[in-house]
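Okay, so here's the structure we're looking at.
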Amino acid sequence: MDKLAHLTPMKILCFGVAREIAGGSHLFLDDVAGGTVASLRERLLRDYPAFGELVSFAVARNEEYAEDTDIVEAGDEVVIIPPVAGG
Amino acid sequence: MDKLAHLTPMKILCFGVAREIAGGSHLFLDDVAGGTVASLRERLLRDYPAFGELVSFAVARNEEYAEDTDIVEAGDEVVIIPPVAGG
Amino acid sequence: MLSGEPLSLDDCQSFVAHPSCGGLCFFVGTIRDLNLGETVTHLEFEAYAPMAVREMRKIAVAARERFGLHAVSLHHRTGDLAIGDTAVIVAVSSKHRKPAFEGCEFVIDELKKTVPIWKREFRADGTHWLNARP
Amino acid sequence: MLSGEPLSLDDCQSFVAHPSCGGLCFFVGTIRDLNLGETVTHLEFEAYAPMAVREMRKIAVAARERFGLHAVSLHHRTGDLAIGDTAVIVAVSSKHRKPAFEGCEFVIDELKKTVPIWKREFRADGTHWLNARP
């Protein structure tokens, strides 16, 4: 685990209602790399309580749905996936 | 019941394999008007035994499927309906 | 509808589409190159036209009522068809998708049971009226 | 496939049709004028494009394997859509009709569960991201 990556804020992409909550197409969270997806979700809910008002949201890591136990690595593409509504 | 109609041979339309069995687009059966569809079926099997080799066949009377107990009237449009195969 | 001319999926879509409908389901039945392991060269559809149209209309009405559909379109070809040609198009529209699927499947299932249309297959070993003999 | 341009049913048919297939099933999802009793003026679809395409491909592969389909085509619009516009087209082809219906319904059901596409409804009372809030 790279100490510097750990400290660098991580860019998290936001779509749909997440973009509205974040106030733009992405947000930054620090202290995220090296931790679990579950802890990222907690950080997000603490810094942006409006995410708690959604029905649910998932997290994608490198274009795949992530499990809560997955580790977020520096350099990952991390995306907040609010409830989908295609079709 | 019109005695004359009873004696006039009835024209019965034939489609698909029935046309092949009849050797044309129709056949004539006499002594049919005034009787039931069941008796028409019996007559048909007696005069054209090849109909007995089919999986089944229905009879239509005036563009509707007929029941065995229906009475065939003179002037009805009667059609032999071999197993259908649309689609 | 029975038609001696090629069937158009776009025409069927235009007929059933409506602003209140969110789901359209289509079934397209085409001529396969193989049936029961035998190579088919082409097919001929024969219909008892007036009764076929009546039976098709009955099925469309029954499907609309049973599944609460907005519209149903049912087009069947007659005459000579080649491999890959479209024999039948069913199109249905509905507010939601579940009844659209169910209604569309109901229509094609019923058509194959009751509509007086017959299919003659031309193969290397001769011609056969489908479903006729055991 | 994701597209900012209108979707074509004919293109989808051409893609899935094959001489060995007797049954093609299509689902077309269109924009309804009413949702939950509210009048909708238009909609906007936003997608996380690279992941949406991956998820769509996964669904198509899963449907082919699970239902023994010949081919699956899955096209979804992005951008602004008006009432009546086509949002999604699913097309599948199969030897027989039953798996075609089942496979087509499976694809649209799965799309609505997993593909990262979001729908924003514009109504008289403002805009709403669908499914987002209780």
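Bear in mind that the values here come from a model prediction, so they are computed numbers and not experimental data. Naming: A, B, ... by sequence-line order, numbering from 1 per chain.
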- Separation of Cys21(D) SG from Asp33(C) CG (nearest 0.5 Å): 9.0 Å

- How far apart are the C-alpha atoms of Glu105(D) and Lys98(C), what are their side-chain angles, what is the distance that settles it, and do they pass the salt bridge (Lys or Arg N to Asp or Glu O under 4.0 Å) test? CA-CA 8 Å; Glu105(D) 194 166 12; Lys98(C) 188 80 191 165; 3.0 Å; yes

- Query: Measuring heavy-atom distances to chain D, does Asp85(C) have an atom under 4.5 Å in its side chain, in its backbone, in both, or in neither?
  - Reply: neither

- Plane angle bin for Phe101(C) and Phe27(D) - parallel if under 30°, tilted between 30 and 60°, otherwise perpendicular: parallel

- Query: How many angstroms lie between atom CG of Asp10(D) and atom CG of Asp10(C), to the nearest 0.5 angstrom?
  - Reply: 4.0 Å

- Query: Should we say atom CZ of Arg64(D) is surrounded by more than 12 heavy atoms from elsewhere, each under 6.0 Å from it?
  - Reply: no

- Query: Looking at Ala17(D), Cys104(D), Gly84(D), which makes the most heavy-atom pairs under 4.5 Å with chain C?
  - Reply: Cys104(D)

- Message: Taking side chain as everything from C-beta outward and backbone as N, CA, C, O, which of these in Thr86(C) sits under 4.5 Å from a heavy atom of chain D? Side chain, backbone, both or neither.
- Response: side chain

- Has the side chain of Ser20(D) got a donor or acceptor atom that lies under 3.5 Å from a matching backbone atom of Leu34(C)? no

- Message: Show the nearest heavy-atom pair for residues Pro19(C) and Ile83(D), with the distance to one decimal.
- Response: CB-CG2, 3.9 Å

